[in-house]
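Below is one structure, written out as structure tokens; comments come after it.
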Amino acid sequence: MKKTIEANSKMSIFSYLKLIWDYRFFSHSLAIGEIKNKYAKTYTGIFLSLIQSLIGLSVYWLIFGIAIKIETGNIPYPVFALPGIIIWQFFSYLVGTSSGALINSEHLIQKLYFPRINLTLAKVLPGLVDLAAGFILFVILFFIFGLTPNFGWFYIFPIILVLIISGLAVGLWTSILSLYIRDLSQIIIQITNFVIFITPVFYPGTIVPENFRFILYINPVAGIIEYSRAALFCTAIPDNGYLIGFAIVFILFISAIFIYKNLEKKITDLL
Amino acid sequence: MIQHEKAIVIKDLNKKYYKKKQSSSNLFKNIKSNNNAESFFALKNINLEINKGEIIGIIGPNGAGKSTLLKILAEVTPPTSGKIEINGKIASILEIGIGFQPDLSGYENIFLSGRLYGLSKKQIKSKLEQIIEMFGFADFINTPVKYYSSGMYMRLAFAIITNIEADIYLFDEILSVGDLGFQSKVLSEIERLKSTGSTILIVTHSPKNIYQICDKMILIHLGDVIFTGSPNETILAYRNIIYSSQNVRQSRKSNVLNTDILKKFKSSDIKPEIADFNLIFFSISNSPNEEGETLRCDKDIFLKLIFNYHSPQDFKLILVLQDLQGNAINTHFININLSHSIIEKEIVLLIEKNTFNEMSIMFDILISSLDDKILINYRNLCETTLESNNNLSKLMGYINIPIKEIKKTRNANTI
């Protein structure tokens, strides 16, 4: 085995992707550790997050479903709102934890060789566990309210894939930017608290006037929520404007991987 | 001469760092300051060749660049310029137990850690029993490692390290953790690795633990390789560096101390500057050039002293060999004539065989003026047991006695 270490060694994108793939065990272990840390400690385990979601849902039901009476067709408000809430939770979790992914692992980065991007990628799995738990809750509510499932549900899998890519696109960028802006995680919390209201989480996108729709179009999460509702409730397919958001995150995702590839070795010194 | 196969070849290696200020929240400022920031070289033009199968100790004071060198070899950080060729599978252990996930069990961490060291899942499985046996707490293997005691944690990490089967090992300060038992385990493991033909690089700032096992040592200071050679020579060079840098730091302090000494010496007419005598190195052996493995009193004994001093006048160095009761057996006088104000001098002294048959001896070094007024007395410099026929372990001392500790003068008559 022969290896050469050089100052400005360039790596092709394919060998970089292979390197990430070779270190998937590392991301996997980090993710499992995080999941265990999150759930194994509490007695109620995964049910705690379900109870949390239920309490949150009841509050939103009271405000938006009963007090404000948002029009959701013939779908009961809790069932209507839940997919949006769990999708938003996944997205904000991924973006929020990514901003600290590199900085909080400084010790590991200083002492171990591994593709740094895997630290951020490791955040996907714990988010998916919450997403799955939320989906189980959704299925239960769905049947409690006497609705019947349809084949549109299979579309949920490609939608989740787009969701993961969107979360990663923003997450990877925030993790890189957090090297330069140290209090980025604080800023991200403020931004997500605000953006949740201009995203159709608690209301259908159709109630937004045409003039302001573009705000939803450039927001990938808006599109994901709208498409998931169309799939789950077999309602009308949202307009094509939402694809703009998907295009944006796709560009962000690809560019983030390239940036990571070029920055990979310098991250140790940037910390 | 046999052409050695090279394990690592380092060519013109440089590493530049930027002096960072406390990170400000302003993105633009941060990016800008990165361009304008003051830079310094943590490593300057390093050229090294490391032969296969050697144990190399890399020593140097804190901040010398040792760890940076290891980090570059471990690919944790890239070099600024230069090239490194590595022949063989390399395992970098920059910290024992690094990479362990506290929430995962010992079993899961064996796989995680093993794979980070470049083993495949299959290889780890085949060594699993061996690792768990070495770990010694098989009952705890399914417990998350965050509940382990620090001793168990290190034992598990070490059990994994010994099963990596790399060609080249990098260890950073591995002996500065753990108790004595752990350290001796590490040392014997390093020797075992050597016997299998592995190349080993050990970085440390306390070379006394590793000099017996090293084939060679490399001294790094301020980013430069300033000395390469046998462990003993390198340690000597290292002591000199530490000594001289301490001197610079204490220059202000020593003025105060000098006036203290002035008071003590008021009775004699000798000027106090002679007190600036520092013993840097002291060794005793049966051969004039090398440190022998044993010391025998039925052979000639060579004493080697290296010291530096600052004195306005000539003085005498008196070496007194005593038995443990304080009776002088043998006294040597060496006259030091001054040619410069600060001189570093090496003296090799021969003590003829069978000079003493005592079971134990002591050395005193006294410094006196030419009229035999004693100024400084290093008492009990070195105390050792000599047996006329039995082998003794090597005796080597490094003495760096702060001026404060110098004992009060004694009258020459008491010798």
Side-chain angles (χ1 to χ4, degrees), chain A residues 1-11 19 22-41 103 105-116 118 122 126 176-187 262-271, chain B residues 8-10 13-18 20 22-31 34 67 71-90 92-95 98-105 108-109 111-113 115-118 121 144 146 166-168 172:
Chain A
M1 242 168 90
K2 209 165 180 169
K3 193 159 70 175
T4 314
I5 301 171
E6 268 174 303
N8 292 309
S9 53
K10 288 266 183 286
M11 193 190 256
L19 186 70
D22 287 342
Y23 272 82
R24 66 190 183 279
F25 73 91
F26 181 63
S27 298
H28 183 254
S29 296
L30 287 178
I32 299 290
E34 196 164 326
I35 292 165
K36 282 193 175 174
N37 182 37
K38 209 169 159 191
Y39 294 114
K41 259 198 261 177
I103 290 171
S105 301
E106 180 174 355
H107 191 65
L108 269 183
I109 291 173
Q110 298 282 1
K111 303 269 173 167
L112 260 183
Y113 167 78
F114 56 87
R116 311 313 190 197
N118 286 45
I176 289 171
L177 289 175
S178 65
L179 294 172
Y180 299 96
I181 316 165
R182 282 307 162 107
D183 33 17
L184 189 69
S185 53
Q186 297 300 315
I187 300 167
N262 293 333
L263 218 60
E264 187 67 40
K265 291 192 170 159
K266 295 178 193 139
I267 286 173
T268 315
D269 299 339
L270 285 170
L271 279 164
Chain B
I8 301 173
V9 180
I10 301 173
L13 182 74
N14 281 296
K15 177 70 186 176
K16 189 158 79 173
Y17 276 118
Y18 293 97
K20 256 189 236 165
Q22 268 299 314
S23 61
S24 75
S25 58
N26 191 326
L27 169 67
F28 302 102
K29 229 188 198 170
N30 260 341
I31 291 170
N34 236 359
S67 293
K71 273 185 178 178
I72 292 171
L73 287 171
E75 287 190 89
V76 167
T77 184
T80 308
S81 66
K83 195 178 168 184
I84 299 167
E85 276 170 30
I86 296 167
N87 297 314
K89 195 183 145 197
I90 189 163
S92 321
I93 298 112
L94 301 194
E95 188 182 312
I98 188 79
F100 274 8
Q101 282 301 301
D103 292 297
L104 296 183
S105 70
E108 287 166 306
N109 270 307
F111 279 88
L112 170 61
S113 193
R115 297 200 66 181
L116 283 171
Y117 290 131
K121 222 174 182 172
K146 65 178 170 187
D167 303 314
I168 303 161
D172 193 1

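Lettering follows sequence order; numbering is per chain, from 1.
Interface remark: A/Leu30 contributes backbone and side-chain atoms alike to the contact with chain B (heavy atom separation under 4.5 Å). Both the backbone and the side chain of A/Gln110 come within contact range of chain B, judged by heavy atoms closer than 4.5 Å. Proximity to chain A (any heavy atom under 4.5 Å) is restricted, for B/Lys71, to the side chain, taken from C-beta onward. With a 4.5 Å cut-off on non-hydrogen atoms, B/Thr77 touches chain A through its backbone and its side chain both. Contacts of A/His107 with chain B are made by both backbone and side-chain atoms, with heavy-atom separations under 4.5 Å. Contacts between B/Ile90 and chain A at a heavy-atom distance below 4.5 Å involve the side chain alone, from C-beta outward.
Taking each heavy atom of A/Tyr113 and B/Val76 in turn, the nearest pair found is N-CG2, 4.1 Å. Between A/Phe26 and B/Leu112, the closest heavy-atom pair is CD1-CD1, 3.9 Å.
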>> For a side chain to side chain contact (heavy atoms under 4.5 Å, CB included) check, start with the C-alpha distance between A/Lys36 and B/Glu108, then their side-chain angles and the critical distance, and finish with the verdict.
In response: CA-CA 12 Å; A/Lys36 282 193 175 174; B/Glu108 287 166 306; 3.0 Å; yes
> So A/Asn37 and B/Gln101, side chain to side chain contact (heavy atoms under 4.5 Å, CB included) or not? Walk me through it.
Replying inline: CA-CA 10 Å; A/Asn37 182 37; B/Gln101 282 301 301; over 6 Å; no
>> I'd like to know whether A/Ile5 forms a side chain to side chain contact (heavy atoms under 4.5 Å, CB included) with B/Ile86, so could you lay out the CA-CA distance, the side-chain angles of the two residues, the decisive distance to 0.1 Å, and finally the verdict.
In response: CA-CA 8 Å; A/Ile5 301 171; B/Ile86 296 167; 3.6 Å; yes
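Between atom CG of residue A/Leu112 and atom OH of residue B/Tyr117 there is a gap of 7.0 Å, rounded to the nearest 0.5 Å. The structure places CD1 of A/Ile32 at 11.0 Å from OG of B/Ser105, a figure rounded to the nearest 0.5 Å. Between the CG atom in A/Asp22 and the CZ atom in B/Arg115 there is a gap of 8.5 Å [rounded to 0.5 Å].
In this structure, B/Glu75 pairs ionically with A/Lys3, as a charged nitrogen and a carboxylate oxygen lie closer than 4.0 Å. By the 4.0 Å N-to-carboxylate-O rule, B/Lys15 lies close enough to A/Asp269 to be salt-bridged with it.
Put simply, of B/Gly99, B/Pro79, B/Gly82, the one with the most heavy-atom pairs under 4.5 Å next to chain A is B/Pro79. Interface check for chain B: of the options A/Lys265, A/His28, A/Lys111, A/Glu34, the most heavy-atom pairs under 4.5 Å are formed by A/Lys111. Chosen from B/Leu116, B/Asp167, B/Asn87, the residue pairing most often with chain A at heavy-atom distances under 4.5 Å is B/Leu116.
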